[in-house]
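A, B, ... follow the sequence lines: proteins, then strands. Residue 1 opens every chain.
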Number of protein chains: 2
Amino acid sequence: MPSSNRRVTQQDIARMTGVSQTTVSIVLNERDDAAVRIAPETREKVLQAIRRTGYVADPIARRLAAQRNRFLGVFTYEPVFPAGLGDFYHPFLVGIEECAESIGCDLLLFTSAPVIDGRRRIFSQDNRLRLADGCVLLGRWLDPQELARLIAEGQPFVSVGRRDDAGGPVPYVGADYPTATAAQVRKAVELGHRKIAYVGEGSGPESHADRYRGFVAAVAEAGVTGVRLRFTENVLDELRRQECTAVFVEEFADGALLAAEAGRRGLRVPEDLSFVALGDPTRPASTDLDFTGYRIPRREMGWQAVEVLSAILDGTGGETQRLLPCEPVEGATLAVARA
Amino acid sequence: MPSSNRRVTQQDIARMTGVSQTTVSIVLNERDDAAVRIAPETREKVLQAIRRTGYVADPIARRLAAQRNRFLGVFTYEPVFPAGLGDFYHPFLVGIEECAESIGCDLLLFTSAPVIDGRRRIFSQDNRLRLADGCVLLGRWLDPQELARLIAEGQPFVSVGRRDDAGGPVPYVGADYPTATAAQVRKAVELGHRKIAYVGEGSGPESHADRYRGFVAAVAEAGVTGVRLRFTENVLDELRRQECTAVFVEEFADGALLAAEAGRRGLRVPEDLSFVALGDPTRPASTDLDFTGYRIPRREMGWQAVEVLSAILDGTGGETQRLLPCEPVEGATLAVARA
DNA sequence: CACGTTTGTTAATGCGTATTAGCGGCGTAA
DNA sequence: TTACGCCGCTAATACGCATTAACAAACGTG
């Protein structure tokens with residue numbers, strides 16, 4: 001029954017069935033209150049018309065009127081479907097989609113967010129996150145200012161990855177980097193390592209700071225020496241000068257490069273130098289080595305982020321800040337320290 | 001100046017500045033038509049109030065008024081974010097997102113589409129596709145019945161991949177398999193192949209039928225023999241019995257398996273047996289061979305699908321059925337035919 | 001000085017839905 | 001007969017914005 005190209009509205013259904021728009025709305029929402037009720041025959045008439053026309057409620061109007069439309073937004077500062085394969089963010093999205101499906105929500109990707117200075121913005125002309133009931137924020141880094149504003153406005157959202165307070169506590173589902181990193185340090189110490197290097201920034205994004213924090217704490221606890229080095233041209237020289245026997249790399253890809261360079265210089269991995277990768281590669285990395293370290297529970301994080309968001313929307317209480325354990329990876333790059 | 005917890009509206013700004021809501025709207029949209037204009041001082045007053053309050057337009061109301069929600073739906077019969085990496089559909093989605101971003105639309109993933117008999121349905125309780133202004137349909141196979149209904153209901157949509165008519169012409173952006181396949185046949189014939197096998201179904205999804213059609217036509221044109229074989233346990237026996245010197249595989253992964261088996265039986269590829277892969281792997285395939293064949297312009301197809309959809313929505317005419325050329329891949333599995 | 005014309009602003013309306021208050025009719029009890 | 005309550009439904013309104021028609025004031029023009 002396609003007549004015009006206009007969307008079918010409740011008004012249309014109403015006219016077709018000879019009832020009021022209100023009645024259609026009531027039938028649609030299955031309101032069987034004592035307050036408002038509809039005779040079974042009327043209800044059936046309306047339902048038939050709905051089925052015949054394929055009508056569905058306009059999500060926009062629905063959200064304007066009822067403040068909800070069963071859309072969950074996904075915001076990232078970068079493309080959701082990145083060009084590079086084997087992408088770091090992919091597993092998060094798998095988890096997000098799975099959970100969204102399980103609670104019957106559609107996902108809205110904010111591809112229209114305006115790009116200014118090379119990255120997307122949450123706020124500009126308008127705050128499009130509001131198009132959805134709530135949002136999942138994805139990305140290693142999130143602008144603290146925008147975050148603060150979201151909190152101030154009371155926008156329901158959950159960050160994937162721990163976030164520092166930004167004018168208020170930020171709901172998140174993160175990975176427990178400190179614990180996972182500390183565990184690796186202890187393992188290294190058990191294998192006789194007394195001077196361990198942390199290669200990376202150790203600051204900036206929370207995920208970096210957290211790794212380093214766990215590193216520093218565990219090193220101190222074990223009474224061994226830890227040094228932090230940036231990843232530069234001559235890190236390897238510095239490592240040897242300082243006589244480090246194990247290297248903890250913040251970024252997997254850097255570790256791959258470093259290990260390859262070590263190999264070229266005649267150093268055997270792990271016999272001469274041990275490597276520990278603190279998490280999965282965020283950039284494509286090619287290596288033959290089976291790195292020791294841990295794995296970030298990305299899919300689970302995505303899933304739980306939606307779970308937390310759902311709880312927030314329902315007003316069901318519950319913890320809005322969750323840290324998930326990382327899974328240790330045995331690997332083959334951590335061995336007994338050279339004498 | 002956030003007084004209550006209610007959001008600031010244009011009405012609020014209007015009251016603060018002593019103008020009407022209309023004026024605020026006009027200032028906001030920078031409408032400097034001849035029809036409607038605002039005095040510089042008034043404009044400035046309003047802008048100041050906007051800056052002071054940090055007002056941003058409610059995107060929901062904005063889109064309700066515009067009668068366009070600027071959502072583009074993406075429907076797939078499988079999860080949009082598949083668990084398997086290196087996924088076949090990924091590049092399509094990259095293109096879709098890129099184009100959506102360029103025209104300022106958000107993407108709606110129908111994760112809530114009900115799964116019945118192991119696959120999602122477009123139609124069931126309601127037609128969720130209507131939530132968006134228009135939709136992109138993705139997948140090797142699309143239910144012709146559902147397709148027909150979409151057409152009948154006048155739903156704006158575009159299929160990625162050519163579709164046969166289904167109660168009317170289907171808008172699509174597809175790959176030109178016939179041409180690409182025929183080109184490979186000619187190449188093989190030039191290299192002396194006189195008996196060529198097509199391994200696959202050659203029917204079912206349009207993409208299979210199209211490949212086979214191109215194959216059959218080119219073989220006839222060249223006056224050589226073409227045989228079609230199913231991919232079974234003993235295809236290889238059959239191939240040798242029929243003395244085929246080249247194998248065209250519909251599905252990359254099958255080709256990988258077949259070539260490996262050939263190797264185990266002491267056949268050299270391509271010296272003893274040539275292989276041509278008709279497109280990219282839709283299933284994960286592992287092989288050391290650099291297959292000759294062609295590449296499906298997936299990203300471009302995704303991009304153009306959104307482009308066509310956008311044209312349909314705007315009422316801008318233009319071709320709604322496009323076939324894109326496949327890029328030939330030289331590879332190393334097609335050689336001069338054995339004497 | 002009557003009559004356009006331009007300029008700056010607003011009242012009214014629509015977008016599609018959800019909600020609330022209320023209305024007419026009917027049955028039952030006082 | 002009146003009073004009251006219940007049932008089934010609808011009119012009116014709100015949500016926040018964009019658009020259109022209209023209007024008042026200032027400004028020429030003949």
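Taking B:F71 as the reference, A:F71 meet the ring pair (Phe, Tyr, Trp, His ring centres under 6.0 Å) condition, with sequence neighbours excluded. Scanning for salt bridge (Lys or Arg N to Asp or Glu O under 4.0 Å) contacts around B:D314 gives B:R68, with sequence neighbours left out. By the side-chain hydrogen bond (donor to acceptor under 3.5 Å, both in side chains) test, A:D12 pairs with A:R6, A:T9, A:R15, sequence neighbours left out. Under the salt bridge (Lys or Arg N to Asp or Glu O under 4.0 Å) criterion, A:R62 pairs with no residue, sequence neighbours left out. The side-chain hydrogen bond (donor to acceptor under 3.5 Å, both in side chains) test applied to A:R121 returns no partner, not counting sequence neighbours. With sequence neighbours excluded, the residues that form a salt bridge (Lys or Arg N to Asp or Glu O under 4.0 Å) with B:D106 are B:R63.
When all heavy atoms of B:Y77 and B:E146 are compared, the pair lying nearest together is OH-OE1, 2.9 Å.
Taking 4.0 Å as the cutoff to heavy atoms of chain A, we find the contact window on DNA chain C bounded by C:dG16 to C:dT20.
Side-chain N/O atoms of B:Q21 and B:Q11 include no donor and acceptor closer than 3.5 Å.
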Listed pairs under 3.5 Å, donor-acceptor, residues 40-48 of chain A side chains, sequence neighbours left out:
unit_1 : atom_1 : unit_2 : atom_2 : d
A:R43  : NH2    : A:D32  : OD1    : 3.1
A:E44  : OE2    : A:R51  : NH2    : 3.1

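Under the 30°/60° scheme for interplanar angles, the aromatic rings of A:F92 and A:Y89 are found to be tilted.
For B:G18 and B:Q67, each mapped to the nucleotide of DNA chain C holding its nearest heavy atom, the one lying further toward the 5' end belongs to B:G18.
Contacts between residues 37-44 of chain B and DNA chain C, defined by a heavy-atom separation below 4.0 Å, involve B:R37, B:I38, B:A39, B:T42, listed by number.
For D:dC9, the OP1/OP2 oxygens have no side-chain nitrogen or oxygen of A:T23 closer than 4.0 Å.
Listed by first then second residue, pairs satisfying side-chain hydrogen bond (donor to acceptor under 3.5 Å, both in side chains) with a partner in residues 154-164 of chain A read A:S159-A:R163, A:R162-A:D164, A:R162-A:D210, A:R163-A:E206, not counting sequence neighbours.
The existence of a salt bridge linking A:E153 and A:R130 is excluded, since no basic side-chain nitrogen approaches an acidic carboxylate oxygen closer than 4.0 Å.
One end of the helix from C:dC1-D:dG30 to C:dA30-D:dT1 points its axis 70° away from the other end's axis, with each axis taken from 5 pairs and the angle rounded to 10°.
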Which letters describe nucleotides 16-28 of chain D, given B = protein heavy atom under 4.0 Å from base, S = only from sugar-phosphate, - = neither? BBBBB--------
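When the options A:V173, A:L323, A:I96 are evaluated for a side-chain contact (heavy atoms from CB on, under 4.5 Å) with A:M301, the one that passes is A:V173.
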